[in-house]
Amino acid sequence: MPFDLSRRKLLRDSIAVGAASVVSLPLLAEGVPEESGKNGEKEPEVTATEDLMREHGVIRRALLVYFEVIPKLRQNLSSVDAAALRQTAQLFRTFGEDYHERMLEEQHIFPLIRKQGSELKRYADILTEQHNRGREITDYVLAVTNGTKISSAHAEPLAKVFESFVLMYQNHAAREDTIVFPAWKKNFSDKRLDEISDQFEDIEHKMFGKDGFEDAEKKISGIEAALGFADLAQFTAPAPKP
Ligand SMILES: [Fe+2]
Ligand SMILES: [Fe+2]
């Protein structure tokens, strides 16, 4: 899903008709790293499971926003940016819940792993229950961030909700990445997985009208920047004191 098929086709066509001049070729090569390498070999595309896992990356970054806000809700409520929290919840809703969970996991992943033994069936049941609880919680976050400020009555309940939500989803996504997706992937040949990856891409385009992942990544980057979380270096842990 790194870039759409029409852009890929456009690139191929432009090279094929010789339109790729000396000037434009290096630019194209730089901007579109997926196309053929030196000897014409095709570089790997994003696989269906890789795609699901990088979507978890966006979800985890939204969780980090919630996590970072918890002490502010408790100690310095006036410094909490309600609009940024609301944007995070909106992104979680559209990209996480409505697309990643409802359209991919609940439609394509869980129905299959339910047939792969009682342990995986139990995973599918619990993960679905957690999706539903997540939606209730996102409704709540959207409701309490629907103003310029978060009221003091909502500060501690929201902090508690964020704590349990972050813990639930960290476990949820980690189990999907390491147990559920690998088990699901075993059902398919590489060729079939490639076709499924294209299907996922079609769903994404239908829902978002463009590259949903790139757009979601840009949105979470913007939220991080607004909240002062853009520089990754600030999260480097201090050395332990002996
Ligand atoms: Fe899930
Ligand atoms: Fe997931």
Side-chain angles (χ1 to χ4, degrees), residues 1-2 45-67 87-142 161-188 192-208 210-221 223-224:
M1 223 176 283
E45 291 183 28
V46 177
T47 62
T49 44
E50 186 186 347
D51 202 27
L52 289 157
M53 288 164 78
R54 70 178 188 169
E55 288 162 11
H56 280 174
V58 171
I59 287 171
R60 286 192 171 99
R61 285 169 68 177
L63 296 178
L64 283 166
V65 167
Y66 288 163
F67 179 77
Q87 283 166 22
T88 308
Q90 283 166 337
L91 180 64
F92 211 97
R93 164 72 25 106
T94 55
F95 188 73
E97 295 170 1
D98 292 348
Y99 168 62
H100 173 88
E101 295 177 358
R102 184 169 283 128
M103 300 305 292
L104 302 186
E105 291 179 344
E106 292 173 19
Q107 297 278 327
H108 294 270
I109 315 292
F110 296 171
L112 217 52
I113 68 153
R114 279 183 203 284
K115 297 175 189 162
Q116 290 177 256
S118 57
E119 197 188 334
L120 284 165
K121 184 188 174 302
R122 186 160 180 270
Y123 265 112
D125 290 345
I126 296 168
L127 293 167
T128 304
E129 196 180 325
Q130 293 183 345
H131 287 177
N132 292 333
R133 182 57 44 77
R135 288 170 189 135
E136 276 176 54
I137 290 173
T138 298
D139 281 343
Y140 172 76
V141 177
L142 289 169
V161 159
F162 280 159
E163 278 174 342
S164 55
F165 186 78
V166 170
L167 187 63
M168 175 175 82
Y169 261 106
Q170 291 286 17
N171 274 288
H172 182 104
R175 306 293 176 105
E176 287 179 341
D177 286 344
T178 55
I179 297 167
V180 173
F181 297 163
W184 173 79
K185 192 179 172 180
K186 281 184 189 158
N187 292 293
F188 307 108
R192 182 71 191 119
L193 265 180
D194 209 31
E195 289 163 6
I196 293 168
S197 172
D198 288 343
Q199 277 175 24
F200 286 4
E201 190 171 0
D202 287 344
I203 295 167
E204 189 181 2
H205 279 247
K206 271 192 196 115
M207 278 197 75
F208 300 106
K210 54 189 165 180
D211 192 312
F213 171 76
E214 277 179 21
D215 189 54
E217 200 282 329
K218 267 194 204 113
K219 280 189 176 138
I220 195 67
S221 288
I223 293 165
E224 288 165 346

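Note that this is a predicted model, so its numbers are computed, not measured. Ligands are counted one by one from 1 in listed order, and the atoms in each one are counted from 1 as well.
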Self-check item: Test: Lys219 and Asp215 ion pair at under 4.0 Å
Solution: yes
Quiz item: If you measure from the Lys or Arg side-chain nitrogens to the Asp or Glu carboxylate oxygens, is any gap between Asp125 and Lys121 under 4.0 Å?
Solution: yes
Quiz prompt | Between Tyr140 and Phe165, ring centroids under 6.0 Å | solution = no
Self-check item: the Fe ion (ligand 2): protein N, O or S atoms that are less than 2.8 Å away, sorted by chain
Solution: His56 NE2, His100 NE2, Glu105 OE2, Glu176 OE1
Quiz item: For Phe213, is the NZ or CZ atom of Arg54 found under 6.0 angstrom from the centre of its six-membered ring and inside 45 degrees of the ring axis?
Solution: yes
Practice problem: Salt-bridge test for Arg122 and Glu119: reply yes if a basic N is under 4.0 Å from a carboxylate O, no otherwise. | Solution: no
Quiz item: Would Glu105 and His100 count as having a side-chain donor-acceptor pair, cut-off 3.5 Å?
Solution: yes
